[in-house]
Every structure is written in structure tokens, then in C-alpha cells.
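Here is the structure we will look at.
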Number of protein chains: 2
Amino acid sequence: MNLKTLSEKLGLSQTTVSRALNGYPEVSTATRLRVEEAARQYNYRPNSRAKGLATGRSMVIGQIIPTSIQHEMVNPVFGDFVSGATQALAGHGYDMMISRVLDEDEGKVYRELHARGAVDGVILQGPLVEDPRIPLLREIGLPFIVHGRSTGEAGPYNWVDVNNRRSFQRATRFLLDLGHRRIGLLNGHETMDFARRRRAGYTEALAGAGIAPDPALMASDEMTESFGFARTRDMLALAAPPTAILASSMLAAIGVRRAIQEAGLRMGRDVSVITHDDDLSYLKNGEDVPIFTATRSSVRRAGIILAEKLVALIANPAAAPVTHMLEAELVVGRSTGPVPVKG
Amino acid sequence: MNLKTLSEKLGLSQTTVSRALNGYPEVSTATRLRVEEAARQYNYRPNSRAKGLATGRSMVIGQIIPTSIQHEMVNPVFGDFVSGATQALAGHGYDMMISRVLDEDEGKVYRELHARGAVDGVILQGPLVEDPRIPLLREIGLPFIVHGRSTGEAGPYNWVDVNNRRSFQRATRFLLDLGHRRIGLLNGHETMDFARRRRAGYTEALAGAGIAPDPALMASDEMTESFGFARTRDMLALAAPPTAILASSMLAAIGVRRAIQEAGLRMGRDVSVITHDDDLSYLKNGEDVPIFTATRSSVRRAGIILAEKLVALIANPAAAPVTHMLEAELVVGRSTGPVPVKG
DNA sequence: TTGAAAGCGGTACCAG
DNA sequence: CTGGTACCGCTTTCAA
């Protein structure tokens, strides 16, 4: 069923039917109701491509899958982000399109998406320090919003980020307050902006306690389970092992926990772990592990907020840059008293 | 840059330029080269919507995000599937569009996608036993391929699935061969077709060893970490606890490991765990934990295979139904000798 | 081998 | 308040 046949059935012009369906005021109520009824009856939906051609907008938002370069695996919370963003976009009539790049040349893809008119805007994931994609998107004039920020980027841009620095500062301070002095940091790749900020928060908190950061307690790499495992094992083998560890991702944390277990130690007794995670069963079940921030649900929420901002941005490109800072919740466990400090 | 201005710059008609760019044979080589050069120079890309309008195809494949109903969280391997599928689709000029439904009425979304002409085909995720979406898609005539199968579906349909039954049969048998007699199964919701098949494989293997399945050792629910934790804890508290556990997902397995640890037991010594996982560091590091199948990479591979089949299917709708069975690898650990059996 | 023109299915301007 | 018509950018007959 298309507009032409629908209007013929109604004995009206395409113009009138279109207007009735799109809420234009100059249509009589009687006609509007009649048209809406018929549209419902025939299950009419305007063709997306035709509509897009006529209006010059695609009503599609693009996103490039953030795959880790080495293992071409996707962050496990990606789905949650997409779920949130897609839901929010749908509320404004937008669809979400996913792309992927094999090589490093993400710029080529953005250029092409724009040239084809395939998307009205894009979401930029996993920003690096001094990320070249930002000036590129600005140059080609494709509306975009960044999930995260990019240190070193001078110009204005729109972003939604979680307060990584502050979160890790608080988490570190929390551990310091419990009496820990040797705190390990398993961080993401420090080309990634978020990782840089997390380390900053960590070292700031240490500095506040008069502790110089120990390179042997800081690792940064792709956040896989084996990374978490290997580095934790190394750290636990040190002459002065850490009594607490900050893990920057769910996968890494799994490795951390396993390494602790294999070393014959117990989490929350011999070694405290703070990590991004969202399963509060740790707390519910009395495990002495403070949880840092609710990744899965917060990522979903970030997707929603980000999508809303992007839609607003496209509607009004002249508006001032949009920024939004999410504060991570620091959910702490039942360990109100100090965790026994080893060594 | 659009076709009109490009052809004007070349002093050719739109027709000729279009033909040259789309590889039609009736264009002289000289013209073709000239056109291609100009297209490159001006970075010309045909407008997707216009092309789609003219050809009647959208060159877009749709997919609805499989969110778990209760916790609205997305399977962590979803991103890997999308990554694989998107990559394969891109090779054929297709884009991937993601949708999401809030209510149970996925059918409405399919109807709309089809009516709008937004997609040329869809990928169906997470099929249930007797899944109503399959007859629905058939009815509305939208090409589709199922990731998994649906027991009880009489008509023909296209699918790509992993051999869940056989995998769990082999895994169970492997444990039986090691001397285990009490084997727990943490399964997904058994409305899901894959969960039903996994249980079948499990019970078949037990039957082969003359063991009657014990309801106290079988749990099935949404595969979260807390599910894995809680049910494992329950099972370990039994008078006759399991000496091995089959966990149906990565998240559940995390919970399993934690419960084992909390009970003061050691994995691979007191309790063996077989699970879907892909981080081979377990093996590399000598942990006595057999790994069942490489989820992340195999899901990615499934995405690729599925996308290829769907593209072929759309190109030739009259062809016989496409089916593809993936055999899961059973990667076993270093425990060539029997694992000490407790109790 | 090339080009003119008629769609594809909508939107939106301009009349009436 | 309603309708005629000119696009939107591309493909595809049909003629030349």
C-alpha cells in the first residue's frame, strides 16, 4: 500500500492524504479522521526511502562498531549501549545503522556514509587521546556526538561521558581509607581517553595520601580476561604484592578474580577488588567486594542520553555544543570496617 | 556531488554515467575510465535512498536486539555476532539496521519494517520452541534467516545453528569419562530452543551411562551471573553435591566460579566446570578446567555465515531452504587423567 | 554506444 | 481546506 493507491481509495489527492497523516493543520478534522482510519485499515506506512528522498533526511543514525584491534572482539556492553540508544532514537523516528571497519580507516567510512546520505548523524565510540576522527567529522560536516571525550581536542564538540577521573579517584580513596597502601591498577590501553583519565584519578588519590605510584602496580592493555589474569598474577608475585586491585573492566576483573583464587588467596580478605560490574549479587551475598559502578545499566543509560542529545543536535545544529557528564555510582560493599591489610 | 552534476562535469548524460559506474557492458572503455576517474576525483557516492527508490531494494538487513525480558540486558556476545554479520554484509553492499522492541510485539516491528520498505531481509535471534515469529515472517513475505532453530516449526525455514545437543552430550560424556557421576546443568530458559536442545544432549549422555537425571542438579533461568552463583551454591549445599557443572553461558559461569570459591572449594580439583567461554588462558595456565566452546569467536563466525546465507537467499528466493549446522569445538583441558571425584 | 524521459513514493510550493 | 505539480537522485526502458 502506497500513498497513491491509498489516496485513490479515499478519493482524495496524495497531497491531502500526506498532510492528514503528517499532522498539518490545514486539513479538516473530518478528512483527517477518515484518512487515519483508512491508513490504519490498510496498514499503510510511508516508504522510508521515498520520504527520505523528498525530505532530504534519512532518519538514520550511524555507529561504527568499536572492535578491539588485536582480537577483533567487541566490548560485551556494546549491546547494552545500542539497546538504549536504539530505543531512544526510535522514540524520535530514527533508525540505527551499524557499520564496521576492517582497517584503521574509519574516516573513509564516515565520508562514505555521509556522501551516500545514508545517515543524518553518527555516534562516535571509544575516543582516543587526540582522536583524529573528531576533526574529520567536523570537516565533512556530519553531525556527531562522542561517547567519551578526547583530551587534546581544541575545538568544540558534543559529548556524553562518565566521570572516569573522579570515579577512580573515589575508588582509590575508598581503598586508602580502608588502610590499603599497595593498590594495583589494571587499566585499559592508555591511547584510550578514558584510560588516561582513570589513571589520573588513581594517581591523584595516591598523591593525596602521600603515596608515589609504583609502576609495578600499574598495567594497561586491552581489557581481556587473560590480561587481568596475567597481570594480577605478576603483581601478586611481587615482594610487596598489592592488597587491593582496581580493575577497569568486567572481563579483566574475571581474570583478576581467577588469579587471586589460584594464588590461594581470597577476595575481600586477602585482596580487595573494585571493578566495573553491575551484578550486585556480590553485595547481596555478603562477599566483601565493593562494586565500583554499574556498567551494564549505566552504559544503557548513556546510550539513551546520548541518542537524545544527538537528535536535539540534528534538529538544531546552531545550538551550543552539548556536553553531559555522568557520575558513576560508587556502590560499596558491607565492609564498613577496614579490610585486613596483608604485608 | 550527485549524478546530475557529475554527468554535467563530464559532458555526458546521467544514463551513461550511471551505466559506466554500475558495470553495464554497453559503455565504451574510454568513457568508462573517464567516468570512473571523475567519480573518484569528486568522491561521488550514489545516494542510497535514491538508488533504493529506483531499484526497489533497500540494501539493508534488519535485526531486532535480543534483550532479556526481565532485566532488559543484552547478551554480551551480541556485539560479536553483529560485528561478523555486518562485516559480511558490507562485502555485498548491505547495511545493517538494528531495531528494538519494548513490548513482546516483535511482529509489529517486522510488519512495519517491511511496510516501510526499510529492509530487504531480517535476522531472527533467539528462537523459541514453536516460535510464532517464524510463521509471521513467512506470512508477510519478508526474507529471513534464523540464528538457531525452532522445535515444533513444521514449515521450511532457513537457519544457522550450533549443534547444541551434540555439544552438551559430548561435554557430559567427557565428564562421565573422568569419573563424574553427579553433574550439574545450569541452563538457559527452556522456552529458548537452544536450552531445550542442550538439556536433551545432557540427559542423553547421562542415560548412556545409566544415570537418571536428578532434578536437583538441573536449573534453567535467565543466564545471569547471579543465577549461576545462586544455583551453584544451592547445588553445592546438597547432601550429594555435584562434582562437575555444565554452565550454559559466560555470565552464568562467572557466578559458578564464585560460588565454588566461596564454598572453599577449588575449580578443577573439587569441582570441574565446563562452560561456553573463549579465553584459552585457562588452559594455557594449567588450570584444570576444560573449556567447552569458543563463544565469542564462534558467535562472530556464525554472524558471518548467517549473513552470507541471507544475502544468497535474497538474491534467489526460490532456492531450497538454507540450513547450516556449526559443530562446537570441544576444547579440553590438560586433565587427561581423571579429576578427583569428591564424595 | 549514447541520451531523453518515465518512473520509484513521497513532500511541499503555489493556486484555487 | 484541497489539489496540481515540480522536485528529491537514481535506474531503466525505448529511441536514436
Side-chain angles (χ1 to χ4, degrees), chain A residues 1-36 38-39 42-60 93-95 112-120 315, chain B residues 1-36 38-39 42-60 93-95 112-120 315:
Chain A
M1 174 62 59
N2 58 19
L3 190 61
K4 190 178 174 195
T5 59
L6 181 64
S7 57
E8 280 165 0
K9 291 213 189 268
L10 281 160
L12 288 167
S13 72
Q14 295 189 33
T15 312
T16 303
V17 175
S18 171
R19 278 199 278 242
L21 258 22
N22 287 301
Y24 282 69
E26 63 264 40
V27 182
S28 77
T29 315
T31 318
R32 161 159 297 130
L33 290 175
R34 205 159 67 86
V35 170
E36 283 170 350
Y42 294 110
N43 196 36
Y44 168 76
R45 294 280 182 290
N47 181 293
S48 308
R49 298 188 298 279
K51 189 162 190 163
L53 234 204
T55 57
R57 300 186 307 157
S58 63
M59 299 308 281
V60 174
Y94 281 90
D95 285 318
E112 186 179 317
L113 283 174
H114 190 237
R116 282 166 48 203
V119 299
D120 292 340
Chain B
M1 174 62 58
N2 58 19
L3 191 61
K4 189 178 175 196
T5 59
L6 180 63
S7 58
E8 280 166 358
K9 291 214 189 267
L10 282 161
L12 288 168
S13 72
Q14 296 189 33
T15 314
T16 304
V17 176
S18 170
R19 278 199 276 242
L21 259 21
N22 287 304
Y24 281 70
E26 63 264 39
V27 181
S28 76
T29 315
T31 320
R32 162 159 297 134
L33 290 175
R34 205 158 68 85
V35 170
E36 283 170 348
Y42 294 111
N43 196 36
Y44 168 76
R45 295 278 181 292
N47 182 292
S48 308
R49 299 186 299 278
K51 189 163 191 162
L53 235 205
T55 58
R57 299 187 307 158
S58 64
M59 299 307 281
V60 174
Y94 281 90
D95 285 318
E112 186 179 316
L113 284 174
H114 190 238
R116 282 166 47 203
V119 299
D120 291 341

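Chain A is the first sequence line, chain B the second, and so forth, proteins listed ahead of strands; every chain is numbered from 1.
Separating the NE2 atom in B:His114 from the CZ atom in A:Arg45 is a distance of 13.0 Å, to the nearest 0.5 Å.
Listed by chain and residue number, A:Thr31 satisfy the side chain to side chain donor-acceptor pair (under 3.5 Å) test with A:Ser28 (two or more places apart in sequence, or in another chain). Residues satisfying the side chain to side chain donor-acceptor pair (under 3.5 Å) test with B:Asn2, not counting sequence neighbours, are B:Thr5. Under the side chain to side chain donor-acceptor pair (under 3.5 Å) criterion, A:Ser18 pairs with A:Asn22, sequence neighbours left out. Evaluation of the side chain to side chain donor-acceptor pair (under 3.5 Å) rule for A:Thr16 yields A:Ser13 as partners, not counting sequence neighbours. Residues passing the side chain to side chain contact (heavy atoms under 4.5 Å, CB included) test with A:Asp120 are A:Arg57, A:Ser58, A:Met59, A:Tyr94, A:Ile314, sequence neighbours excluded. Residues satisfying the side chain to side chain contact (heavy atoms under 4.5 Å, CB included) test with A:Ala39, not counting sequence neighbours, are A:Leu6, A:Leu21, A:Tyr44.
As a whole-Å value, the separation of B:Arg32 CZ from C:dT2 C1' is 13 Å.
Rotation axes derived from the C1' atoms of the five outermost pairs at either end of the helix from C:dT1-D:dA16 to C:dG16-D:dC1 lie 40° apart, to the nearest 10°.
Listed pair A:Thr16 / D:dT2 fails the phosphate criterion, with no side-chain N or O lying under 4.0 Å from OP1 or OP2.
Residue pairs meeting the salt bridge (Lys or Arg N to Asp or Glu O under 4.0 Å) criterion with at least one member in residues 17-36 of chain A, sequence neighbours excluded: A:Arg19-A:Glu26.
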Next item on the list: Encode nucleotides 7-15 of chain D as B, S and - characters from 5' to 3', where the letter depends on protein heavy atoms closer than 4.0 Å: B to the base, S only to sugar-phosphate, - to neither.
Entry: -BBBBBB--

